[in-house]
Peer 1: 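Have a look at this one.
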Amino acid sequence: MSPSQPAPPHLHAPASPSADVDAVGRIEAVKTVLRVLTRTTGLRLAVVARVTPESWTCCAVLDEMGFGLKAGDTLVVSTTFCNTVRNMGTPLRVNHASQDPRFQNHPAPKMYNVESYIAVPLYRRNGDYFGVMCALDSRPADLTDDALEVFRHLGDLVGHQLEQEEALSERDSQLLGAHEASVLREQLMGIVSHDLRNPLNAISLAAATLMRRTDLDDRARRGLRRILDSSDRANRLIRDLLDFTHVRTGMPLPVKPQPMNLHEVAEQVVDEVRLTAQGRSLDLVCEGNGRGKWDPDRIAQVLTNLLTNAVQYSAPGAHIRVEARGDEREVVLAVTNAGTPIPPALLPVLFEPMTRGTTEGSEHRSVGLGLFIVNQIVRAHGGEVEVVSTAEAGTTFQVHLPRGC
């Protein structure tokens, strides 16, 4: 839904934002939490809502479905699944509402075309009920108990952070300065990242165990492969979030340099990405001496992020080229892909967090930390990253790594 379109008739904008909307809006990490929820569940609309017996108010939203919902909008509470969550006081998961005997006659599928929905109630640390954190979609979905467990963890964290934000507002900056408040928000992101790992590891382990069965047909194996690929993407996101938190709280990014061959790591990463980007043309060229002293896990992280970026922001049939060229002084790692060039105005801020080069690849949009982490890892090795992007030659990221030995 474009900004010029009128709001849908079921949405109501209040005269002024409420204190609850303002309180949630001050929690910067909520945006990241909502994006993690959409990436984890595959649902396209994620919301934090204040829910009372009398009202439903949107406090924060990530809308990739074109529903038209904005912070401050209200709905008639009795028409929402969130009201069911409030009445039960427990999480709720709905995979196909119009075919679910519990909800066939509920207003939500009819009024808002909601078919899939997953939510947990939000409580402040003192036990007071606040509202609901939910994700939903107009399409049916196969939501699992593991996804609900992720919601529980994130719901607890958002509820606790909400109370802390309200306390900050009441005590103003006399007790917590702007720097300390920023650190507190970054710490929340780190906690979110850690708490997501357990359910994701459980998902990966279960899928990998099933893949070893010999009685699976091709359709089942493809489904399990998608689960494993999604878990891998989520784990990469978690690692980026942890690194981001580490850097933003003033600590240097940890690296453990050791003798290694960059050519071997490049071959391994390219092979792994080929498995998840089937149908893409990925070529690797290795020349010169690839030996040096670097952190092999971190170098693999750099190349994985750059390749993932290249796959997301190029056409399905586009050619992607990886080069690793060594000379006496350094090894240069380059990733080139065709596609819409990065706007010149974005180049100076491209390696800042939450920045993306284009709006293409929206179906796979990430939190926007990949290039930031790439830059931090390369700088921790004493190197630098360059980018050249034109319509004729495509986009090339070049990583210069001193040998360190």
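All values below were derived from every heavy atom in this structure, side-chain atoms included, with hydrogens, water molecules and symmetry-related copies excluded.
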Peer 1: More than 12 heavy atoms of other residues, nucleotides or ligands under 6.0 Å from CG of Asn87: is that the case?
Peer 2: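 Count over threshold, so yes.
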Peer 1: Counting only N and O atoms by type, is there a donor-acceptor contact under 3.5 Å from the side chain of Ser55 to the main-chain atoms of Thr52?
Peer 2: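 Absent.
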Peer 1: Can the ring centroids of Phe81 and Tyr117 be said to lie less than 6.0 angstrom from one another?
Peer 2: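 Yes, the ring of Phe81 comes within the 6.0 Å limit of the ring of Tyr117, centre to centre.
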Peer 1: Return the minimal non-hydrogen interatomic distance between Thr57 and Gly72, and the atom names on each side.
Peer 2: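 Between these two residues, the closest heavy atoms are CG2-O, 4.2 Å.
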Peer 1: Indicate yes or no for a side-chain donor-acceptor contact from Ser116 to the backbone of Pro140 under 3.5 Å, with no hydrogens or angles considered.
Peer 2: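 Here the side-chain-to-backbone pair does not exist.
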Peer 1: I'd like to know if the side chain of His400 pairs up with that of Glu330 as donor and acceptor (distance under 3.5 Å, no hydrogens or angles considered).
Peer 2: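 Judged by distance alone, the side chains do pair up.
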Peer 1: Please check: side-chain N/O of Thr40 versus main-chain N/O of Leu37, any donor-acceptor pairing under 3.5 Å?
Peer 2: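 A pair under 3.5 Å: no.
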Peer 1: Main chain of Ala108, side chain of His106: is a donor-acceptor contact present, judged purely on distance under 3.5 Å?
Peer 2: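 The answer is yes, because a donor-acceptor pair under 3.5 Å joins these two groups.
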Peer 1: Can you tell whether the side chains of Asp137 and Arg44 come within less than 4.0 Å, N to carboxylate O?
Peer 2: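 Answer for the salt bridge query: yes.
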Peer 1: Any chance the side chains of Glu115 and Ser98 put a donor and an acceptor closer than 3.5 Å?
Peer 2: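 There is such a pair between these side chains.
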Peer 1: Any donor-acceptor pair under 3.5 Å linking the side chain of His319 with the backbone of Asn337?
Peer 2: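 No, because the side chain of His319 does not come within donor-acceptor range (under 3.5 Å) of the backbone of Asn337.
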Peer 1: Are there more than 12 heavy atoms of other residues, nucleotides or ligands under 6.0 Å from atom CZ of Arg379?
Peer 2: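 No, because the 6.0 Å sphere around CZ of Arg379 holds 12 heavy atoms or fewer from other groups.
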Peer 1: Kindly determine whether Gln104 and Lys110 satisfy side chain to side chain contact (heavy atoms under 4.5 Å, CB included), including the steps that lead there.
Peer 2: CA-CA 9 Å; Gln104 284 177 337; Lys110 300 175 182 177; over 6 Å; no
Peer 1: Please report the interatomic distance NZ(Lys293) to CD(Gln258), rounded to the nearest 0.5 Å.
Peer 2: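 So the gap between those two atoms works out to 9.5 Å.
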Peer 1: Over all heavy atoms of both residues, which pair between Arg93 and Arg102 is shortest? Give the atoms and the distance, please.
Peer 2: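 Of all heavy-atom pairs spanning Arg93 and Arg102, the closest is O-NH2, 3.5 Å.
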Peer 1: Please tell me whether Tyr112 and Thr80 have a donor and an acceptor in their side chains that are separated by less than 3.5 angstrom.
Peer 2: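 Looking only at side-chain atoms, Thr80 and Tyr112 do not form any donor-acceptor pair under 3.5 Å.
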